[in-house]
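Keep in mind the model is a prediction, meaning the values are calculated, not measured. Quick note on labels: first sequence line is chain A, next is B, and so on, each numbered from 1.
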Amino acid sequence: MGRWIKPLNNPPRLSETDLLSAQARIVLMSLERRYGVKDSLWSFNNSEICAYNAGNCELQESQCSLLGSSTKVKQEPITPIRSSECINNQKISTDNHDSYSTNAYFKENKDYHKSQKQVMDLPVLAPTPLVSVTKHPTSAAYSSEAHIQQFLHQHVDQYEKRRQLAASDVSCMKNLSRATNEKSEDKLKAKIPSSSHNAKTTRDDQLLIDITSLSPQEREIISFQLETVGEVCLMVVYHDNSTSANVSFYQLNDRFGQSAKGVLVYAENRMMLFPLVVSDPSLIKWCRYVLNALLCKETTRKVVVNSKLLVKVLLQKLNFTRQSEVILWHLEDPAVAGWLLKPDDPPCSLKNLRKTHTTFCGDNYNYDRTKSDSKFYFLAKESLAIMEGQRILLKSYSLWQLFLHVEMPLVPVLALMELQPIRVDMPMLLRYSDMLKKNLQKLENQAHEMAAHPFSINSTSQIRQVLYEKLGLDKHLSGGNGMILTTSNNLKSTSEAVLVQMSAYHPLPSVILQYRQLAKMKSTYIEGILELVQDGVVYTHWDQTAAATGRLTSCSPNLQAVPKTSIVIKDFDNSIIIGQESSEPKTVKICAREPYICGENNIFLAADFQQIELRLLAHLTDDITLRTIFNSLSHFDVFIQLAAKWYASESEITNLEREQTKRVVYSIMYGVGEERLAKYLKATPSTAKEIINSFLVSFPAIQHFTQWCVTFARQHGYVETLMGRKRWLPNITHSAAQLRSQAERQAVNFCLQGSAADLCKCTMLRVEEALYNKSHLRARLLLQIHDELVWEMPSDQLQETCEVIKTVMEDAKLLCCPFLPGLKVPLSVHLTHGTSWARLSPQMLRPPDVAAFSVSRPCST
DNA sequence: TGGTTCAAGATAAGG
DNA sequence: TCCTTATCTTGA
């Protein structure tokens, strides 16, 4: 597999027939993909094409005609390969645990035994095979052949699409080949080193082939060669000869802005530099075609460190007209793999990965660091070696499917999201900033008056002095609940909870609270955004590998944390707003989401999963009461239903009872203490305890579930989600009760939050696929806020897009594929739309059946 | 003395 | 001694 084809070592004279063979090859390769046949070898001999090991693939008349009339096809079936044996050319392991290969790997890795810290260098291998615990619903051992077949079937459309794409580009290649220059062959011979050369000769100056220096025909040979290669490594090369592969993973966002020189493709001891900035449009077109073909090709492993960056650079520099094509790119990123293997302490650079995930070492590092091409060479070699080691680990921990079918396909989706401009209303931001500034000044002056002297209101230590030493407000607190202390220094806390309590005795705490609220709003959500706005738009960044639970995070700016609710400023002095005539004080509202607006003729659409973690709890615990609530067709508020069950009352549930139920449910789900719950509910700890107990009696499966999570974690050292994501919790058996119980809560939390994260990531993939398949729809995914997705689209496509999105998002079977057959409870999605992020109103779908909508439906949540 | 870096505390989000 | 994040400010 992956050998360079024969003509390379001794390049023959290229004839028209050879080039036709190249076109034929594209068609045959696509057939290979179509039928899921792997390891096919094709040989070219003048006008004859031989296909070995082509299995049961049959050439249709129409496909033969594409090969050219002078081409004969000889088919020699050897062993048919069942398509179920491979997805993306990876055999799916039905064993959950390959102990031999893992242990063999660990024996070679000296770092393995220093793993007793809170954050281990390498996960501890489960003492027993996972199979023994697959009875529990969180197990991701679902991979029956029938199911994989179904998965393949659903993706046949995509293969078909790609086939057509390849065929349409044959004509483009044909035109290029006309420009053949016979003299170029000798030049090529000199430029392209032979694959039989050993490592020593590959370090010479010819190691790197610059695509711009090649003739069109020579380029054809390159593209020809890339078709057969089994494994490549790609990286972005910048003008200063640094690469995207060896920067610290934290610097990635900075790197993107720098000028990229080209994309380096390493394959079988050779490297090619594809230019990104050239004046020749046909060369750019050619690069786009060849790289796209390579990245779509499922039989080639594409190892890319920091893959999102590469996808972004390619998208921008090569002008992909059909941008969403990139959702078909399937890469392998050692940085993402490293995070899946060590979610609590992910590797922060390639150097870091090198230590734990590879045996590639020794004299390989003795290269000439002053020569950039030998640096590229070893970076690529190293990336491939690291990925190889990680592949073994991922498979032995049953993380491979998650990596292959969720995390890596998500990379292009995130790259697209990062390139989407989000429009902001600059004048509104400036107006808000001004309003907040004036009001903050007013509050600060008030605080100074109350303290009888000026102090820095932002400083916690100075607030501590004023409140406790000067005003002595802590004496009111020492009675019942005792003083809350800060976590590390045991200082008296000035947190919100404490200030709220003290506000009953003195006006200063509430002024401080109000100041903090406005200050946070101003610095983070107004001025913080203003700094990042360019040309009226803002771009956010998505980090796939930041959260141990598998959630996505957003930064610079963090749009996941923009407050939903607006803050109210009472007695606001209107005269300070520029252009306002009235000087009457009044109440104003500031909503941080208000300045995010959509483009002209566009509209935002938000799709929100309803109570996703609660539904997952129902699925995972298999609790009959919870399942009945979610499965019933009634659209009544779920918390009211829960409260009704809990209080065992037929009468109407009050709002207070509903709120209590909601709090109790989430608190108990995540293992809250009695005292904390008592504070939430403003009740005594003993009452809180009663509430917890009575809830657990009503829903015994929940307690069973939390206990199960803890037991599982103790037995195996880790817990896992719906789709097999794992988190190692070494403290679960710690002798210190505090650390142990923290790990226990983390175990429960991870099972639910992590499963929800899995499901939301799959949702993004399936929705983007569905939208891609309806090519006339122009919805662009802008945001993911854990359980909510936000798109921007032309207003006239709202209805149709809503239907597509809702259908996909409520199809649990599709979302869970190929990990599990579906969920035991239905998923419910709430759609809203509007022209500002702050004001989104419910979207009513066209009623499929009028009768179904004639029943009045109370609103949920 | 002025600038940088880092940890801690507080507060926003999501469930 | 609910969990998971990002960001900002202070103060050493």
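- OP1 and OP2 of dA10(B) both lie 4.0 Å or more from every side-chain N or O belonging to Arg516(A).
- Of all nucleotides listed (dT4(C), dA13(B), dA10(B)), dA13(B) comes nearest to the side chain of Ala561(A).
- Residue side chain Gln753(A) reaches the base of dC3(C) through a donor-acceptor N/O pair under 3.5 Å, judged by distance alone.
- When each of dC8(C), dT7(C), dT4(C) is scored by its nearest atom to the side-chain atoms of Lys520(A), the top-ranked nucleotide is dT7(C).
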Check the pair Ser556(A) / Asn558(A) against side chain to side chain donor-acceptor pair (under 3.5 Å), numbers first and verdict last. CA-CA 5 Å; Ser556(A) 46; Asn558(A) 176 6; over 6 Å; no
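- Listed nucleotides: dC3(C), dA6(C), dT5(C). Nearest to the side chain of Ala547(A): dT5(C).
- Contact annotation: Thr553(A) side-chain N/O to dA6(C) OP1/OP2 distance is under 4.0 Å.
- Among the nucleotides dT5(C), dT10(C), dG15(B), the one closest to the side chain of Asn458(A) is dT10(C).
- Note on Gln746(A): a side-chain N or O is less than 4.0 Å away from OP1 or OP2 of dT4(C).
- Residue Thr460(A) has no polar side-chain atom (N or O) positioned under 4.0 Å from OP1 or OP2 of dT9(C).
- The side chain of Ser459(A) places an N or O atom within less than 4.0 Å of a non-bridging phosphate oxygen (OP1 or OP2) of dG11(C).
- Across the P atoms, dG9(B) and dT1(C) are found 11 Å apart, a figure rounded to whole Å.
- Note: CD1 (Ile567(A)) to P (dT11(B)) measures 14 Å, nearest angstrom.
- One finds a side-chain N or O of Arg727(A) lying less than 4.0 angstrom from the OP1 or OP2 phosphate oxygen of dT4(C).
- For Ser523(A), taking side-chain heavy atoms from C-beta onward, the closest of the listed nucleotides dC8(C), dT4(C), dA6(C) is dC8(C).
- At the heavy-atom level, Glu788(A) lies nowhere under 4.0 Å from the strands shown.
- Here the side chain of Arg464(A) is nearest to one of dT4(C), dC2(C), dA10(B), namely dA10(B).
- Ser510(A) has its side chain out of reach of Leu499(A): every pair of non-hydrogen atoms, C-beta onward, lies at least 4.5 Å apart.
- With respect to Lys437(A) and Glu527(A), no salt bridge is recorded, no charged nitrogen being found less than 4.0 Å from a carboxylate O.
- When distances run from any side-chain atom of Ser456(A) to the nucleotides dG14(B), dT7(C), dT10(C), the shortest one goes to dT10(C).
- Picking from dT1(C), dA6(C), dG15(B) the nucleotide with the shortest atom distance to the side chain of Gln738(A) gives dT1(C).
- Contact between the side-chain N/O atoms of Lys564(A) and the OP1/OP2 oxygens of dG14(B) is found at a separation under 4.0 Å.
- Contact annotation for Arg615(A): no contact, since no heavy-atom pair falls under 4.0 Å across all strands.
- Regarding contacts with the backbone of dG11(C), a side-chain N or O of Ser461(A) is found under 4.0 angstrom from either OP1 or OP2.
- On the P atoms, dT1(B) is 30 Å away from dC8(C), given to the nearest whole Å.
- The listed nucleotides are dG14(B), dT7(C), dG11(C); the one nearest the side chain of Arg551(A) is dG14(B).
- For Asp608(A), taking side-chain heavy atoms from C-beta onward, the closest of the listed nucleotides dA13(B), dT1(C), dG15(B) is dG15(B).
- At the heavy-atom level, Asn558(A) lies under 4.0 Å from the strands shown only through sugar-phosphate atoms.
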